[in-house]
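First up is the structure itself, then whatever we jot down about it.
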Amino acid sequence: MWLVTGGAGFIGSHVVQAALHAGHRVRVLDDLSTGDPRRLSREVELVRGDAADADVARRAAAGAEVVVHLAAHRAVPRSVDDPLATDRANTHGTLAVLEAARAGGARRVVLASSSSVYGSAAALPTPETAEPRPASPYAVSKLAGEHYARVHAELFGLSTVSLRLFNAYGPGQSPEGPYAQLVPRVLDALRRGDRPVVFGDGTQSRDLVYVGDVARAVLAAAATDAVGVVNIGSGRATSVLDVIAAATRAMGVRGEPHFLPARPGDVPHTCADPRRAAALLGWRATVPLEEGLRRTARAPVVAAA
């Protein structure tokens with residue numbers, strides 16, 4: 001049986017579906033603050049609760065062979081607005097889940113970390129050997145989670161791996177709220193005939209990776225004994241302005257950006273060196289950006305925050 005924390009969220013629900021398709025029984029732990037139970041099929045056992053609550057996490061992890069930890073406060077701007085809430089959810093939450101997995105005898109823990117731990121990396125594409133330089137409370141919390149995972153492997157023999165996810169996008173990602181991600185915001189604006197908002201000058205670039213590819217990476221990581229940290233990205237950087245241009249082509253519409261000041265904590269460029277994922281997990285991103293944007297644009301728009 002698999003436990004997926006945050007499994008009713010955007011990435012989590014895709015991981016859950018992939019795990020079910022692979023024949024696994026799945027339990028989801030989610031407080032539904034941003035997740036939506038309608039994303040989950042009836043065969044999924046849903047435990048509603050806070051992953052940062054040690055007792056809740058322990059009950060949810062009981063009997064789980066694999067624990068995939070995705071529950072988190074995800075947005076960099078949100079962490080700037082409320083660092084303490086981000087630290088509790090991400091740092092303390094990761095420790096609570098690792099301890100619950102250890103107590104429950106889990107075989108494997110797959111932790112969702114983030115490319116944000118690199119900050120403004122000197123090397124692009126960025127390898128896992130680059131020195132982390134987190135530039136936001138969110139990034140600090142993710143790096144702390146990686147260290148807790150490593151310590152649990154070294155001290156307690158718990159098999160862990162941390163996946164540094166780059167910018168996941170795809171069907172089911174909400175465009176709503178002040179912390180919505182780039183792709184759903186752009187697609188939503190184009191649907192409504194509005195100008196997509198760009199924070200900064202639009203030359204910032206992101207490594208965008210389709211969520212179905214991310215779900216495959218999680219399953220691959222669960223099936224191996226790879227340790228440490230592994231980048232999960234496409235290995236290609238696309239500027240914000242080029243994302244907007246690709247989205248207009250995918251949707252067959254026109255749209256000019258509306259520029260606003262850059263947001264504190266955002267890094268200018270991200271791009272993964274994905275070679276370690278290929279070597280250790282046998283994984284690489286397979287969905288090109290414009291194809292992923294077409295799939296996302298065709299999917300129903302979700303209203304969850």
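Of all the heavy atoms in Ala247 and Val186, the pair that sits closest is CB-CG1, 3.8 Å. Here the closest non-hydrogen pair linking Leu111 and Gly145 is CD2-O, 3.4 Å. Summarising the geometry of Tyr169 relative to Gly292, their closest heavy-atom pair is OH-CA, 3.4 Å, with the distance given to 0.1 Å. Closest heavy-atom contact between Ala101 and Ala61: N-CB, 4.2 Å. What you find for Pro196 and Leu190 is that their closest heavy atoms are CG-CD2, 3.9 Å. Between Ala135 and Val267 the shortest heavy-atom distance is CB-CG1, 4.4 Å.
Residues Arg185 and Asp188 are not paired through a salt bridge, judged by the lack of any N-O separation under 4.0 Å between the basic side chain and the carboxylate. Ion pair Glu65/Arg107 flagged as a salt bridge, since at least one NZ, NE, NH1 or NH2 atom sits closer than 4.0 Å to an Asp/Glu carboxylate oxygen. With respect to Arg88 and Asp50, a salt bridge is recorded, a charged nitrogen being found less than 4.0 Å from a carboxylate O.
Between the NE2 atom of His152 and the CG atom of Leu98 there is a distance of 5.0 Å, given to the nearest 0.5 Å. Atom CG of residue Leu143 and atom OG1 of residue Thr91 lie 9.5 Å apart, to the nearest 0.5 angstrom. Going from atom CG of Leu241 over to atom CD of Glu256 covers 9.5 Å, rounded to the nearest 0.5 Å. In this structure, the separation between CE on Met251 and CZ on Arg294 is 12.5 Å, given to the nearest 0.5 Å. Note: Ile244 CD1 to Leu293 CG = 11.5 Å, rounded to the nearest 0.5 Å. The distance from atom OG of Ser41 to atom CG of Leu46, rounded to the nearest 0.5 Å, is 11.0 Å.
Formation of a donor-acceptor pair under 3.5 Å by the Arg39 side chain with backbone atoms of Gly172 is found in this model. Side chain of Ser136 to main chain of Gly265: no donor-acceptor pair is present (N/O by atom type, distance under 3.5 Å, no hydrogens or angles). A donor-acceptor pair under 3.5 Å links the side-chain atoms of Arg27 to the main chain of Ala60, judged by distance alone. The backbone N or O of Val229 lies less than 3.5 Å from a partner atom in the side chain of Arg276, making a donor-acceptor pair. Distance alone, capped at 3.5 Å, is enough to place a donor-acceptor pair between the Arg216 side chain and the Arg284 backbone. With hydrogens and angles disregarded, no donor-acceptor distance shorter than 3.5 Å links the side chain of His21 to the backbone of Gln17. No donor-acceptor pair under 3.5 Å is formed between the side chain of Arg164 and the backbone N or O of Gly233. In terms of modelled atom types and a separation under 3.5 Å, the side chain of Arg133 and the main chain of Tyr118 share no donor-acceptor contact. Not a single donor-acceptor pair under 3.5 Å links the side chain of His24 to the backbone N or O of Ala18. A donor-acceptor pair under 3.5 Å links the side-chain atoms of Glu128 to the main chain of Asn231, judged by distance alone.
When side chains are defined from C-beta on, Gln173 does not count as touching Thr296, because their heavy atoms never get closer than 4.5 Å. A 4.5 Å side-chain heavy-atom check between His73 and Thr34 finds every atom pair outside the cut-off. In this structure, Leu182 and Asn167 have side chains that are not in contact, with every pair of non-hydrogen atoms separated by 4.5 Å or more. Residues Thr126 and Cys271 are not in side-chain contact: their nearest non-hydrogen atoms beyond the backbone lie 4.5 Å or more apart. Using a 4.5 Å heavy-atom threshold, the side chains of Thr160 and Arg102 count as separate. Between Ser120 and Pro268, the closest side-chain pair of non-hydrogen atoms falls below 4.5 Å. Val211 is listed as a side-chain neighbour of Pro171, based on a closest heavy-atom distance under 4.5 Å. Side-chain contact between Thr94 and Lys142 is absent, with no heavy-atom pair separated by less than 4.5 Å.
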| field | Worked check of side chain to side chain contact (heavy atoms under 4.5 Å, CB included) between Leu219 and Trp2 | value | CA-CA 11 Å; Leu219 264 65; Trp2 283 35; 3.9 Å; yes
| field | Criterion side-chain hydrogen bond (donor to acceptor under 3.5 Å, both in side chains) on Asp213 and Thr286, from CA distance to verdict | value | CA-CA 7 Å; Asp213 282 334; Thr286 60; 2.9 Å; yes
| message | With side-chain hydrogen bond (donor to acceptor under 3.5 Å, both in side chains) as the criterion, how do Asn90 and Thr86 come out once you've worked through the C-alpha distance, each side chain's angles and the decisive distance to 0.1 Å? | response | CA-CA 6 Å; Asn90 295 2; Thr86 295; 5.4 Å; no
| task | With side-chain hydrogen bond (donor to acceptor under 3.5 Å, both in side chains) as the test, would you mind laying out the steps for Ser234 and Asp207 before giving the verdict? | result | CA-CA 6 Å; Ser234 69; Asp207 185 325; 2.7 Å; yes
| field | Working for side chain to side chain contact (heavy atoms under 4.5 Å, CB included), residues Val56 and Leu29 | value | CA-CA 9 Å; Val56 171; Leu29 172 60; 3.7 Å; yes
| task | Give the intermediate values and the outcome of side chain to side chain contact (heavy atoms under 4.5 Å, CB included) for residues Leu20 and Val26. | result | CA-CA 7 Å; Leu20 290 172; Val26 180; 3.8 Å; yes
| task | Starting from the C-alpha separation in whole Å, work towards a yes-or-no answer on side chain to side chain contact (heavy atoms under 4.5 Å, CB included) for Arg295 and Glu291. | result | CA-CA 6 Å; Arg295 295 182 190 181; Glu291 173 59 25; 2.9 Å; yes
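Taking a 6.0 Å sphere around CZ of Arg25, one finds it holds 12 or fewer heavy atoms contributed by other residues, nucleotides or ligands. No more than 12 heavy atoms of other residues, nucleotides or ligands sit less than 6.0 Å from atom CZ of Arg275. No more than 12 heavy atoms of other residues, nucleotides or ligands lie within 6.0 Å of CZ in Arg254, so this atom counts as exposed by the packing criterion. A 6.0 Å sphere centred on CZ of Arg236 holds no more than 12 heavy atoms belonging to other residues, nucleotides or ligands.
In the hydrophobic clustering of this structure, Leu3 groups with Val109; members are Ile, Leu, Val, Met, Phe, Trp, Tyr whose side-chain heavy atoms approach within less than 4.5 Å, directly or through other members. Hydrophobic clustering of Ile, Leu, Val, Met, Phe, Trp and Tyr side chains at less than 4.5 Å, counting indirect connections, unites Val161 with Leu280. Hydrophobic clustering of Ile, Leu, Val, Met, Phe, Trp and Tyr side chains at less than 4.5 Å, counting indirect connections, keeps Ile232 apart from Leu208. By the rule that hydrophobic residues join a cluster once side-chain heavy atoms approach within less than 4.5 Å of another member, Leu187 and Val253 end up as members of one cluster. Linking ILVMFWY side-chain heavy atoms closer than 4.5 Å, directly or via other members, places Val67 and Leu163 in two distinct hydrophobic clusters.
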